[in-house]
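These notes are about the structure you will find just below.
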Amino acid sequence: MIVEASDTGLAELEHSHVRFADGLALECGITLPSLTIAYRTYGTLNPARSNAILVCHALTGDQYVAERHKLTGRPGWWELMVGPGRPVDTNRYFVICSNVLGGCMGSTGPASPRDDRPGAEGVAAEPWGTDFPLVTIRDMVRAQKKLVEHLGIERLFAVIGGSMGGMQTLEWAATYPQCVFAAVPIAAASFHSAQNIAFHEVGRQAIFADPDWLGGRYWETDRTPARGLAVARMAAHITYLSEQALTRKFGRRQRPDHDAPLDAAPLGSALFGEMFEVESYLRHQGSSFVRRFDANSYLAITRAMDYFDLAVEHEGDLSAAFAGTATRFCIVSFSSDWLFPTAQSREVARALNRVAANVSFVEIATDKGHDAFLLDEPDLHRTVAGFLTGCAEHAGLIG
Amino acid sequence: MNDEVRFLAKNLRVDQRMIAEMIAPGSRVLDIGCGDGELLDLLFRTRKCDARGIEIDMALVTRAVAHGMPVMQGDADNDLEHYPDGAFDYAVLSRTLQAVERPREVLRQMLRISARAVVSFPNFGHWFMRWQLLRTGRMPNTPAWPRPWYETPNIHPCTIRDFFALCEEESYEVEAWFALDEAGRRSPWRRSLGLANLFGEQAVLMLRKSPGGG
């Protein structure tokens with residue numbers, strides 16, 4: 001892979017954050033002695049503090065939802081959805097987005113200095129690394145709840161997110177029903193399927209197989225398991241797309257292999273003289289990813305997703321997770337999403353029906369696969385905008 | 001009808017306007033086959049109802065949700081079973097009964113999840129249908145039944161008399177009913193089922209389970 005380990009400069013950046021000295025007791029039984037949550041806000045909180053929308057990011061997302069990214073310089077990951085005049089309209093709503101617990105963009109995670117034992121005087125604590133305790137989607141949500149309370153908000157007008165962000169959205173509605181007026185889980189499910197766990201495991205094994213991973217203690221060297229992490233990203237990225245989308249974008253087109261993969265194949269090999277455009281695209285996805293993501297964080301968050309099963313948290317009955325809920329739901333799936341297929345969204349919608357919850361359910365027709373939630377999908381944006389406006393009317397935010 | 005309803009309902013399908021009038025303000029309503037949510041909008045804005053919808057056509061669902069209506073994609077045959085008993089005050093099925101796979105089961109489900117069912121359907125017993133069938137010996141073709149037999153979604157047509165017979169069989173009490181003529185006017189044959197069945201282009205009925213029965 002065309003990745004220099006020294007490209008990664010994750011640790012040096014400062015992100016706006018809040019530190020909770022009282023820490024967080026995790027579901028696994030371990031207590032994080034302190035908790036840092038990095039976050040961004042957009043728009044203005046109204047005097048009644050009733051117009052806040054929490055945006056939950058996906059596996060590799062972060063808090064830079066609607067502004068140029070501090071590290072990569074790229075536009076915010078959901079600028080099509082969040083911003084002035086956008087469906088999540090920052091002229092109307094106060095938008096909060098935080099880096100998840102376990103993440104690597106400023107929130108407490110495997111790269112954070114461990115503070116669970118007294119370090120030697122004057123010596124910087126070493127990072128948690130793979131000793132970072134197991135975190136769950138619910139832990140992430142409980143960390144977000146602390147942030148929301150810190151911002152003086154008792155009840156969120158809405159929680160919205162795609163993929164893992166959709167899992168968090170469902171978890172919010174189940175764990176803090178009084179605090180969520182409206183919930184928009186997009187391209188999500190109430191549990192992580194065997195197929196999804198399988199793909200995550202491929203990614204994790206790619207990281208473990210990288211000699212630079214060093215059992216998770218790569219911080220002790222000046223290298224990172226960039227090749228393993230890039231392969232993990234490449235495998236995962238395929239699952240975010242669809243066969244139609246790949247065919248439409250790349251087909252079987254080939255091009256000369258100029259940036260030959262130094263470590264992937266012997267140069268001059270007849271087998272690898274040309275490369276398919278789809279290969280080039282995936283390599284680019286892999287190499288740009290490792291510049292902004294920490295491998296141990298990737299392990300921690302994929303694990304959190306794998307363990308997610310909202311029904312199990314409620315004795316196997318998904319409906320019980322939402323019994324008596326007054327939250328208004330808008331569940332969105334995409335027709336070509338095979339990672340979180342429509343059937344799984346429909347299952348959530350039906351579980352909500354069983355407790356007579358107020359639920360809208362839309363499947364958007366698209367060939368763009370799971371990643372469609374991040375892309376220009378006019379029907380998605382119309383749906384979210386209309387749903388939120390309708391809810392704002394019910395909540396008395398607009399006359 | 002109050003003026004507000006009259007104003008908003010100007011462009012509404014005529015049976016939907018009538019249905020809105022039958023529904024008590026502030027009630028919980030499920031509109032099955034709600035299209036793009038016009039009736040839901042009317043019920044929310046003029047009657048402060050908690051009105052939700054189910055619609056089979058995804059394009060219409062998207063349009064409804066984009067207008068702030070709580071609508072989910074689904075259909076009468078497969079999705080009613082997921083709602084709990086007595087979740088609604090009214091379940092509405094307008095001009096859809098003739099297109100479902102199991103009309104009797106759909107009615108049962110409606111009256112399980114809801115105290116009352118409001119049903120409207122085009123009347124296959126209308127005199128013009130009878131005349132066409134008699135004269136040409138072929139399936140009738142009218143504005144209410146515009147498609148040829150091989151591609152109509154209306155797989156379970158019935159007459160008003162047929163429907164009353166089913167209600168009898170299922171022990172449903174018809175609390176209110178009326179027929180509409182071709183122009184959508186409420187027909188005057190309230191007292192005569194036979195005349196309604198001959199001249200009514202469509203029927204609107206409000207049902208509930210008979211206190212003694214089923």
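Each chain gets a letter, A, B and so on, in the order its sequence line appears, and its residues count up from 1. What you see is a predicted model, and the numbers here were worked out from it, not measured in a lab.
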* For A:Cys330, is it the side chain, the backbone, both, or neither that has a heavy atom closer than 4.5 Å to a heavy atom of chain B? -> side chain
* Using non-hydrogen atoms and a 4.5 Å limit, figure out which bit of B:Phe44 sits close to chain A: side chain, backbone, both or neither. => side chain
Please report all inter-chain donor-acceptor pairs (under 3.5 Å) between chain A and chain B, with distances to 0.1 Å.
| residue | atom | partner | partner atom | Å |
| --- | --- | --- | --- | --- |
| A:Arg346 | NH1 | B:Gln73 | O | 3.3 |
| A:Arg346 | NH1 | B:Gln73 | OE1 | 3.1 |
| A:Arg346 | NH2 | B:Gln73 | OE1 | 2.7 |
| A:Arg350 | NE | B:Asp79 | OD1 | 3.0 |
| A:Arg350 | NE | B:His82 | NE2 | 3.1 |
| A:Arg350 | NH2 | B:Asp79 | OD1 | 2.9 |
| A:Asn353 | ND2 | B:Tyr83 | OH | 3.2 |
| A:Arg354 | N | B:His82 | O | 3.1 |
| A:Ala356 | O | B:Arg52 | NH1 | 2.9 |
| A:Ala357 | O | B:Arg52 | NH1 | 2.9 |
| A:Ser360 | OG | B:Val71 | N | 3.2 |
| A:Phe361 | N | B:Val71 | O | 3.0 |
| A:Phe361 | O | B:Gln73 | N | 3.1 |
| A:Phe387 | N | B:Val65 | O | 3.4 |
| A:Glu393 | OE2 | B:Arg45 | NH1 | 2.8 |

* **Pairwise distance CZ(A:Phe329) to CE(B:Met72) - rounded to 0.5 angstrom** => 12.5 Å
* **Partners passing side chain to side chain contact (heavy atoms under 4.5 Å, CB included) against A:Glu79 (at least two apart in sequence or in another chain)** => A:Pro75
* To do: Would you mind checking which part of B:Val65 comes under 4.5 Å of any heavy atom in chain A, side chain (CB onward), backbone (N, CA, C, O), both or neither?
  => both
* To do: Among B:Pro70, B:Ala59, B:Gly53, B:Ala64, single out the residue with the greatest number of heavy-atom pairs under 4.5 Å to chain A.
  => B:Pro70
* Against chain B, label A:Ala357 side chain, backbone, both or neither, depending on which of its atoms sit under 4.5 Å from a heavy atom there. => backbone
